[in-house]
Amino acid sequence: MKHQLSIAQRLWLPTLALAVMLLVNLEPAQLDHLARAGEVESYNPGESIVAEGSLGDALFLILSGQVAVHRGPQTFATLSGGEYFGEMS
């Protein structure tokens with residue numbers, strides 16, 4: 001069965017599949033399923049996405065921009081488009 005992708009899915013799905021090594025071996029139908037199950041969210045600079053110690057129930061795939069990983073005042077990493085973080089179990 002063929003599914004018609006939304007404009008947003010058609011724009012970000014190919015970029016995501018090429019950029020994220022986690023997804024490169026998925027079939028087109030699997031990528032389509034993932035795109036339909038996920039949500040595109042936007043965050044403002046300085047806004048927290050997740051807090052240390054909180055229940056992890058999401059995997060975040062960065063489509064564009066940067067995300068800083070902090071513990072207290074120390075920055076451990078800066079992630080960019082094509083990278084991911086969050087719950088993966």
### Query
What's the shortest heavy-atom distance between Arg71 and Phe76, and which atoms?
CB-CE1, 3.1 Å
### Query
How many angstroms lie between atom CD of Glu83 and atom CD of Gln66, to the nearest 0.5 angstrom?
9.5 Å
#### Entry: Shortest non-hydrogen contact between Gln30 and Asn25, atoms and distance
OE1-O, 4.5 Å
### Query
Rounded to the nearest 0.5 Å, how far does CG of Leu59 lie from CG of Leu34?
8.5 Å
#### Entry: Ring geometry between Phe85 and Phe60 (parallel below 30°, tilted from 30 to 60°, perpendicular above 60°)
parallel
### Query
What is the distance from atom CD of Glu41 to atom CG of Leu63, rounded to the nearest 0.5 Å?
10.5 Å
## Note on the structure
Heavy-atom closest pair (Ala68 atom, Thr75 atom, distance to 0.1 Å) is CB-CG2, 4.3 Å
